[in-house]
Structures are given as structure tokens and as C-alpha cells.
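Heads up: the structure comes next, in C-alpha cells.
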Amino acid sequence: MKEQLYKTFLPQLQALIEGVDDEISILANISAALHAEFQWFWTGFYIVKTSLHLGPFQGTPACYTIPYGRGVCGTAWKEKKTIVVRNVEDFPGHIACSALSRSEIVVPIKDKHGDVRAVLDIDSKEIGTFDDIDKNYLEQVAKLIEEALY
């Protein structure tokens, strides 16, 4: 069921951003589209500056900045890889922007040189929401963003 939803969603997402090269516009529409389609608790982006800075998102208010290597987002930035967290209580140094978050996935968005430019951060109120299916398809979402922008 979930995999089929992603398979239907990806071409729609690609069509949504085709021909657009504005970072904020693309990130805003992707966060809105993902959030509406999958009904997660929080869906959004943090953009790399001197630390991770809150970008376009859907959901409750969030942390403004996240330091390099801290929390799930900062760790995904540092390690340049997707991190799937079954239970945020088990992740050392988890930054609780909301006490309602129970599981999380963070996918780095990289430029042509392999440098992380942003991270896609998604939270769920349920433990164990995210798995390899989410990892696979959300990395494809990241690839669409990378191709459009970086």
C-alpha cells in the first residue's frame, strides 16, 4: 500500500517542480505535497548555512536552528546519509522540537559536489513509522530536488 502510494506520488511531484528553479518555492511545494499525501506529523526542510536553518515546512512550529552533528538532522548533515529513527527516545542527543514526535526520517539533499545543501526532515507521532520503503522513495524525492536545484 505505502509503496504504491509513493509510486503514484513521485511522477506527480516531478511534474509539480518541472521547470522551476527557485529553492524556496520547490521546498515549500514539496513539503506541502508530501504532508498532504502522507499525513505525517511534521514535514519540512532545514537549509544548510552556518548551522541548519528552518526552511519551508508543514506542521507545528519547529526549532529555528540545529547545529552540525547534533540531533537526527545535524547527524544526517554530518554523515551525508539518510537516517531512519524507529523511536526518537533511543537516538542519543535527539533534539525534541516537539514532544509529540516519536519516529523520524532525515534525508540529505546534496549538490553536484556531494555537499549537503538541505535536509528533508519528517516526523511521526507513532513509533516505527519509517522503514526502507520510505528511505528508498524519499531519497528519490531528494534526487528530484538535487536535479532541479543543485
Side-chain angles (χ1 to χ4, degrees), residues 2 6 9-10 13-14 16-18 20-150:
K2 176 167 51 174
Y6 276 116
F9 177 76
L10 276 176
L13 187 64
Q14 188 168 13
L16 178 67
I17 66 171
E18 190 172 331
V20 179
D21 63 359
D22 182 80
E23 181 181 45
I24 297 301
S25 296
I26 286 175
L27 299 182
N29 266 343
I30 287 178
S31 63
L34 283 167
H35 197 74
E37 187 70 31
F38 293 93
Q39 301 293 305
W40 291 309
F41 174 61
W42 198 93
T43 310
F45 293 91
Y46 280 91
I47 299 168
V48 172
K49 296 188 181 181
T50 55
S51 58
L52 290 172
H53 286 248
L54 182 62
F57 72 93
Q58 299 285 309
T60 59
C63 302
Y64 284 107
T65 60
I66 298 174
Y68 181 76
R70 297 274 319 274
V72 183
C73 290
T75 301
W77 174 21
K78 180 180 179 182
E79 296 181 3
K80 298 183 179 185
K81 69 177 188 179
T82 300
I83 298 178
V84 179
V85 180
R86 184 179 189 292
N87 182 344
V88 297
E89 298 297 323
D90 296 336
F91 190 88
H94 176 257
I95 298 171
C97 295
S98 171
L100 298 175
S101 177
R102 292 289 172 251
S103 61
E104 184 171 5
I105 185 169
V106 179
V107 182
I109 315 293
K110 302 173 190 169
D111 65 17
K112 289 174 178 43
H113 306 290
D115 295 322
V116 177
R117 300 288 300 268
V119 297
L120 169 59
D121 178 23
I122 303 172
D123 292 19
S124 170
K125 288 184 182 180
E126 308 297 324
I127 290 174
T129 297
F130 307 107
D131 57 23
D132 285 341
I133 293 171
D134 299 287
K135 180 181 184 292
N136 175 43
Y137 286 97
L138 292 171
E139 285 176 347
Q140 291 181 50
V141 169
K143 184 68 72 188
L144 290 174
I145 297 167
E146 292 165 358
E147 290 169 357
L149 293 174
Y150 310 118

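Values below: all heavy atoms of this structure, side chains included; hydrogens, waters and symmetry mates excluded. Everything quoted here is computed from the prediction, not taken from an experiment.
When all heavy atoms of Ser31 and Gly44 are compared, the pair lying nearest together is CB-CA, 4.1 Å. Between Val106 and Pro108 the shortest heavy-atom distance is O-CD, 4.0 Å. Residues Trp42 and Ala62 approach most closely at CZ2-CB, 3.5 Å, considering heavy atoms. The shortest non-hydrogen separation linking Ala33 to Leu16 is CB-CD2, 4.2 Å. The shortest heavy-atom contact between Glu126 and Ser124 is N-OG, 3.0 Å.
For residues 64-88, the side chain to side chain donor-acceptor pair (under 3.5 Å) pairs, not counting sequence neighbours, are Thr82-Glu139. Residue pairs satisfying the ring-ring contact (aromatic ring centres under 6.0 Å, His included) criterion with at least one member in residues 95-115, sequence neighbours excluded, are absent. Pairs engaging residues 40-87 under the disulfide (SG to SG under 2.5 Å) rule: Cys63-Cys97 [sequence neighbours left out].
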* To do: Apply the test side-chain contact (heavy atoms from CB on, under 4.5 Å) to residues Val85 and Ile83: give CA-CA distance (whole Å), side-chain angles for both, the deciding distance (0.1 Å), then the verdict.
  => CA-CA 6 Å; Val85 180; Ile83 298 178; 3.8 Å; yes
* To do: Applying side-chain contact (heavy atoms from CB on, under 4.5 Å), run through Tyr6 and Ile133 and close with a yes or a no.
  => CA-CA 9 Å; Tyr6 276 116; Ile133 293 171; 4.1 Å; yes
* To do: Step by step, work out the side-chain contact (heavy atoms from CB on, under 4.5 Å) result for Lys2 and Asp131.
  => CA-CA 11 Å; Lys2 176 167 51 174; Asp131 57 23; 3.1 Å; yes
* To do: Tell me, with the steps shown, if Glu23 and Tyr150 meet side chain to side chain donor-acceptor pair (under 3.5 Å).
  => CA-CA 9 Å; Glu23 181 181 45; Tyr150 310 118; 2.3 Å; yes
* To do: Applying ring-ring contact (aromatic ring centres under 6.0 Å, His included), run through Tyr46 and Phe57 and close with a yes or a no.
  => CA-CA 9 Å; Tyr46 280 91; Phe57 72 93; 8.3 Å; no
* Test log, rule side-chain contact (heavy atoms from CB on, under 4.5 Å), inputs Val116 and Ile109 -> CA-CA 6 Å; Val116 177; Ile109 315 293; 5.9 Å; no
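Annotation: side chain of Leu10 is in contact with side chain of Leu144 (closest heavy-atom distance under 4.5 Å). Asp134 places none of its side-chain heavy atoms less than 4.5 Å from the side chain of Val84. Counting heavy atoms from C-beta outward, Val107 and Val119 have side chains that stay 4.5 Å or more apart.
Scanning for salt bridge (charged side-chain N to carboxylate O under 4.0 Å, His left out) contacts around Lys125 gives an empty result, with sequence neighbours left out. By the salt bridge (charged side-chain N to carboxylate O under 4.0 Å, His left out) test, Glu147 is found to be paired with no residue, residues two or more places apart in sequence or in another chain being considered. When the salt bridge (charged side-chain N to carboxylate O under 4.0 Å, His left out) test is applied to Arg102, the partners found at least two apart in sequence or on another chain are Glu89.
Between the OG1 atom of Thr43 and the CG atom of Asp123 there is a distance of 8.0 Å, given to the nearest 0.5 Å. To the nearest 0.5 Å, atom CZ of residue Phe41 and atom OG of residue Ser101 are 7.0 Å apart. A distance of 6.0 Å separates CG of Leu13 from CG of Leu34, quoted to the nearest 0.5 Å. Taking CG of Leu120 as the reference point, atom CD1 of Ile105 lies at 8.0 Å (rounded to 0.5 Å). Here the CG-CG distance, from Asp121 to Leu54, works out to 9.5 Å after rounding to the nearest 0.5 Å. Interatomic distance, Leu149 CG to Asp111 CG, rounded to the nearest 0.5 Å: 11.0 Å.
More than 12 heavy atoms of other residues, nucleotides or ligands sit less than 6.0 Å from atom CG of Asp90.
In summary, the aromatic rings of Phe9 and Phe38 are positioned with their centroids under 6.0 Å apart.
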